[in-house]
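Worksheet for the structure shown next.
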2 protein chains.
Amino acid sequence: MGQLEDIQVFIRVVESGGIGRAAEQLNIAKSAVSRRLSELEARLGCKLINRTTRSFSLTGVGKTYYERALKVADSVTEMNTEVADVGAALSGVLRIAVPQSFGLMHLTPAIDLFVKQHPEITIQIDFSDRHVDIVEEGFDVALRISGMKDSNFQARRLCPVHHVLAASPEYLQRKGGVTTISDLKHHQMLKYTGSSIALWTIVDSDGKEHQLSLTKAMSANSGDFLKDMAIAGHGIVNLPTFLIWKALASGDLVRLLPDCSMTTINAYAIYPMNRFLPKRARLFIDFLVERFGDNPYWDQHL
Amino acid sequence: MGQLEDIQVFIRVVESGGIGRAAEQLNIAKSAVSRRLSELEARLGCKLINRTTRSFSLTGVGKTYYERALKVADSVTEMNTEVADVGAALSGVLRIAVPQSFGLMHLTPAIDLFVKQHPEITIQIDFSDRHVDIVEEGFDVALRISGMKDSNFQARRLCPVHHVLAASPEYLQRKGGVTTISDLKHHQMLKYTGSSIALWTIVDSDGKEHQLSLTKAMSANSGDFLKDMAIAGHGIVNLPTFLIWKALASGDLVRLLPDCSMTTINAYAIYPMNRFLPKRARLFIDFLVERFGDNPYWDQHL
DNA sequence: CCTATTGTTCTAATAATGAGAATAGTAAAT
DNA sequence: ATTTACTATTCTCATTATTAGAACAATAGG
């Protein structure tokens, strides 16, 4: 029992002017057309088409039904076409380049959810802290955590990346607390070398900038490594909250000088400037903006 | 393969929040629901609902499709309901009282066409020249050819009823022609007694009224009879054009004094004043107004 | 790891649908 | 009034579609 199919048969009969011609156009037997029309009329409880072997005309009700039926059939066609178009536009591969730590830690669950909402999109992700050339390497979108923008690309800001000073309670108990910026001079620093930042710039509660020159410090280009070293009591780190938020929440690390603020940079989604952005890429970026935003979930404890 | 039925299944799944509950509500097996949903998704080329055994959510495309699907389903329901309502409103008996001659001659083909256009209406017709009481005798509509209106009923004018003077060519050859109103005094008149008109009032081309008193004339209360007598050469008749139009067209009768005009009365559809008029009655009256109108087909030869 | 619950797949039974032949109906021509 | 030509309807059989229900798979919670 296909109501819409019956409606389409009815429309064809009306527009062709007879059951025989409708059968030809629909490529089904005229007995089938005759029966479907009769059953439609029976279901509606009135005659739609007045027909004999030599004459043909719509009843009054039939005219009304025909006009409404056309609208319904058009609506269904439009709906199916639009959904097919949207499906086609979204379907396909989305190639993303993301930084190692941030990618693994925060994009993994995000992408898991995104793919569940959009199973027609296939994600291909590249984890790397190196500078990737989006166009050259065929990525749709890259994530970058940076203070500055590349002029060859368009950027959509996803969220702020706050840095904080932190050390383990054991270390602070052993080496003494930190209550002023000057106190830091007597402490062991763990330096991140994966970025161009050589100095730690600290802004106190009065808004005055202080700079610490780290000449003699343990250093690595891995934030995860430095985090683990800090938890192990080896010193004080200056790392993004998205990296150490769980250690802060669990008490493995303690934030130092909370009234001071460090340089805040941002996470961006980068995509080519003068080029059509696939709808699925735009959808993904919108998804991340909504998921992270100005106050990401890892900053709730600040 | 029922597209609309698939849409309705999809809507039910979304609104119930699961395949099992939708199956319960639709009273079909959950395997049937599962298969129809899968086939709908296959036909559209993308996933509408993201589901596992314990979770359930619409995809982005699914949300769009759901909103469109609701509109389509509502349109179909409205369309079917409206047609069923119109069918129910029209279905039933239409009881009509009509004058004998006019009814037989002009309503028979008209009603034949009307019923073909509205097979759901059953006509019950009463041919009679007597004065019928519509309310008392249970008619929906009565036709009346009259110069005046009954104040207890509402009337819709259907068409004018022109009267003309006519005689057969044989009679005129035998008795001499008629070129002035005065000439009529020397001729044999055939008088219709089925109406209250006792005098023949003739208006000449100057607009002056002349009245002929018919004291000594053959008379009958049947227009058909008098028409036949006139064709047989027995005299001059003053009859409605709807009665003698074919005889005028064929030459069996010849119109006399065409520059003069006789009293023109009208045909009306009469229906009760302060009462709901069934839609089928209104439809029938509209049909007659359109079919007859100000210049009915029987007056084309005038 | 086990249990409970939901979704999917498979198979057999049932229902729906179309094809084609035969029949019915109707309008035009003779 | 009869015959002819053409279209619609009905009936029967074969094919296809669909459902029910059992079995299996998947998944989330305890």
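All values below come from the heavy atoms of this structure, side chains included, with hydrogens, waters and symmetry mates left out. Please read all numbers here as calculations on a predicted model, not as lab measurements.
When the side-chain nitrogen and oxygen atoms of A:R51 are compared with OP1 and OP2 of D:dT9, one or more of them lie within a distance under 4.0 Å. Dashed line: the shortest gap from a side-chain N or O of A:S34 to OP1 or OP2 of D:dT9 is under 4.0 Å. Distances shown here put every side-chain N or O of A:R35 at or beyond 4.0 Å from the OP1 or OP2 atom of C:dA19.
In this structure, A:F242 has its ring center no closer than 6.0 Å to that of A:H162. Residues B:F287 and B:F292 keep their aromatic ring centres 6.0 Å or farther apart.
When the salt bridge (Lys or Arg N to Asp or Glu O under 4.0 Å) test is applied to A:K47, the partners found at least two apart in sequence or on another chain are A:E41.
Here the CZ atom belonging to A:F284 is positioned 4.5 Å from the CD1 atom belonging to A:I111, to the nearest 0.5 angstrom.
Computed from coordinates, the B:R54 CZ to D:dA28 C1' distance equals 5 Å when rounded to whole Å. What separates CG of A:L26 from P of C:dT17 is a distance of 15 Å, to the nearest Å. The CZ-P distance, from B:R21 to C:dT6, rounds to 8 Å in whole Å. A straight line from CG of A:D6 to C1' of C:dG18 spans 14 Å, rounded to a whole angstrom. Rounded to an integer number of Å, the gap from CD of A:Q8 to P of C:dT17 is 14 Å. One can place CD of A:E24 at 13 Å from P of C:dA19, the figure rounded to the nearest angstrom. With rounding to whole Å, A:N50 atom CG is found 18 Å from D:dT7 atom P. Separating the CD1 atom of B:I28 from the P atom of C:dT8 is a distance of 14 Å, rounded to the nearest angstrom.
Nucleotides of DNA chain C nearest to A:E39 and A:S55 differ in position, and the one nearer the 5' end is that of A:E39.
Counting distance only, with no hydrogens placed and no angle test, the side-chain atoms of A:S31 and the base atoms of C:dG20 include a donor-acceptor pair under 3.5 Å. Side chain B:T52 to base C:dG7: no donor-acceptor pair is found below 3.5 Å.
Checked against C:dG7, D:dA8, C:dA19, the side chain of A:K30 finds its nearest nucleotide in D:dA8. Here the side chain of B:R36 is nearest to one of D:dG21, C:dT17, D:dT18, namely D:dT18.
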side-chain hydrogen bond (donor to acceptor under 3.5 Å, both in side chains) assessment of A:Q100 paired with A:D224: CA-CA 10 Å; A:Q100 195 95 350; A:D224 288 293; over 6 Å; no
